[in-house]
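Some notes on the structure that comes next.
Just so you know, ligand 1 is whichever comes first in the structure, and atom 1 is the first atom listed for that ligand.
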Amino acid sequence: MENLGESHMQQKKGRRLILFPLPFQGHINPMLQLANILYSKGFSITIIHTKFNSPNPSNYPHFTFCSIQDGLSETEASTTDFVALISVLHVKCAAPFQDCLAKLLSNAEEKEEEPIACLITDASWFFTHDVAESLKLPRIVLRSLSVSSSLVYAALPVLSQKGYFPIQDSHDLEAPVPELPPLRMKDIPVIETLYQETLHQFAAEAINQMKASSGCIWNSVQELEQDSLAKFHREFPIPSFPIGPFHKYYPASASSLLSQDRICISRLDKQAPKSVIYVSFGSIAAIDETKFLEVAWGLANSKVPFLWVVRPGLVRGAEWIELLPRGFLEMLDGRGHIVKWAPQQEVLAHPATGAFWTHCGWNSTLESMCEGVPMICQPCHGEQMVIARYVSDVWKVGLHLERKLERGEVERAIRRVMVDAEGREMRNRAEILKEKLDLCTKQGSSSYQSLENLISYILSY
Ligand code: UDP
């Protein structure tokens, strides 16, 4: 990782970029990492952000921050229906965003500041297309999913026309989906929401506005998703820039919305190499009490040391871990450690970490692959189903927990990955993949070249 400020000064471009992240952890991290990457390449950066889940500007003194009113009520902000929340954000943010962007553009002109080259928005903020067009500003999108899962979302309207939805138990869930190999019926993204219709409209709109954008940036890697990228180029006639993995340039810790418990690192320091299983289901997923207890007992019965992130809000109806049986952690005699939020990248890079039981969010998956850590995949919703299938069947660096979440199943899965020969083979493949990914951002490699292409493309405006 290079010195940001020094690199910025040496490569100063005299152009400003405006970035607008979707206000969720898995989207904020890659957008702010991208901002750092582009800053280090000499661009000045302005971040427009909502008040809801606002990043902390003091962690980025080199950027300019503009906060817009999202007008969310407390009830709206605390809903667990992700689709309802995004839907409200789209309605409430459109006008404030337009005002803010128009002001930034006119200020830059009036004060003869460096010109604004383009807007980079999360691909899910599709209303920004019309705003950018009305202000004659090029709009590039950041897609913070894997390319393969984006293609699956793009295929949903066709699947819908063919009668795939709603997916019901009467369908053969193990059957392959001929339109989307290697997916099976059960891997087609589902999101629990009261607003299924809105969800499908959103997916279609985000895809349309992505097609209409000036280009697409991926936190992904040519070597990892060659076939999907080729398919994307056939279906989307826009320039595309796979420049990941972003965290190879700059870590995500500065954009963490929750404070990271660092004590877990000193506890890992005391553990044997590759002996600990790290468990985290990301920033949004929620599970019910029964599943929570099956996870807990599965971990306990495996006899493998664990570090488990139980984010407040992970367990529906609970504050934190009060639903664990009394004396649960004491019974483990120091073998189990639970935190509210961890410095995940450091945990995955730690020599004591032997495997990652993950929900297969794209950031978590990339972070794990970059450290050569094999995974147990427990997708919770949406594109996580697709990513899990790729981890287990395409990249073969993880085991997919496909059956009912039950303590015996969990215990067996942990032992298969941490102890058995099968796990050793998986770890070997994960190591080879890590070496490949290590090279991707180095000079002359695919992501490095894509980043150079992106910079020239932006400068061509
Ligand atoms: N993360 C973290 N600490 C934790 C759990 C997660 O810093 O205890 C970070 C993780 O490194 C990743 C992001 O939160 O960058 C989660 O994004 P992901 O796409 O994996 O899942 P999401 O939260 O969007 O479901």
Query raised in the report: Does Glu402 pair with Arg389 as a salt bridge, N-O distance under 4.0 Å?
Result: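 Salt bridge flag = yes for Arg389 with Glu402.
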
Using modelled atom types and a 3.5 Å cut-off, is there a donor and acceptor pairing between side-chain atoms of [X] and backbone atoms of [Y]?
X      : Y      : value
Glu76  : Ser73  : yes
Trp395 : Leu224 : yes
Asp70  : Lys51  : yes
His200 : Gln196 : no
Ser302 : Leu299 : yes

Query raised in the report: Is it the case that Gln344 and Ser364 place a side-chain donor and acceptor less than 3.5 Å from each other?
Result: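 A donor-acceptor contact under 3.5 Å links the two side chains.
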
Query raised in the report: Any nitrogen or oxygen of Ser256, main chain or side chain, under 3.5 Å from a nitrogen or oxygen of ligand 1?
Result: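 Looking only at distances, the answer is no, because the N/O contact criterion of under 3.5 Å is not met.
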
Query raised in the report: Would you say His359 has any N or O atom under 3.5 Å from an N or O of ligand 1, going by distance alone?
Result: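 Such a contact does occur with ligand 1.
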
Report task. Give a yes or no on whether Arg415 atom CZ has more than 12 heavy-atom contacts from other residues, nucleotides or ligands under 6.0 Å away. Result ->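 12 or below, so no.
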
For ligand 1, which atoms sit closer than 4.0 Å to a heavy atom of [X]?
X      : value
Ser280 : 5 (C)
Trp362 : 19 (O)
Gln25  : 14 (O)
Gly282 : 23 (O)
Gln260 : 7 (O)

Can you report which non-hydrogen protein atom sits closest to [atom], along with the distance?
atom                    : result
atom 19 (O) of ligand 1 : Asn363 ND2, 2.8 Å
atom 1 (N) of ligand 1  : Trp341 CZ2, 3.3 Å
atom 11 (O) of ligand 1 : Glu367 OE1, 2.6 Å
atom 13 (C) of ligand 1 : Asn29 ND2, 3.6 Å
atom 23 (O) of ligand 1 : Ser283 OG, 2.4 Å
atom 3 (N) of ligand 1  : Ala342 O, 2.6 Å

Query raised in the report: Of the listed options (Ser364, Ser255, Gly361, Ala285), which comes nearest to atom 16 (C) of ligand 1 when hydrogens are ignored and any heavy atom counts?
Result: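 Heavy atom nearest to atom 16 (C) of ligand 1 belongs to Ser364.
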
Query raised in the report: Which residue from Ser144, Cys360, Gly26, Pro343 reaches closest to atom 24 (O) of ligand 1 through any of its heavy atoms?
Result: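 It is Gly26 that holds the nearest heavy atom.
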
Residues 55-63 side chain polar contacts: donor-acceptor under 3.5 Å, at least two apart:
unit_1	atom_1	unit_2	atom_2	d
Asn56	OD1	Ser58	N	3.0
Asn56	OD1	Ser58	OG	2.8
Asn56	ND2	Ser58	OG	3.4
Asn59	ND2	Ala254	O	2.9
Tyr60	OH	Ser255	N	3.3
His62	NE2	Asn36	OD1	2.9

Query raised in the report: Applying a 4.0 Å heavy-atom criterion (strictly less than), which segment of Phe82 is in contact with ligand 1: side chain, backbone, both, or neither?
Result: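 The answer is neither; Phe82 stays 4.0 Å or more away.
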
Query - Which atom of Trp218 lies closest to which atom of Ser150, heavy atoms considered - result: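 Reported closest heavy-atom pair: CZ3-OG, 3.3 Å.
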
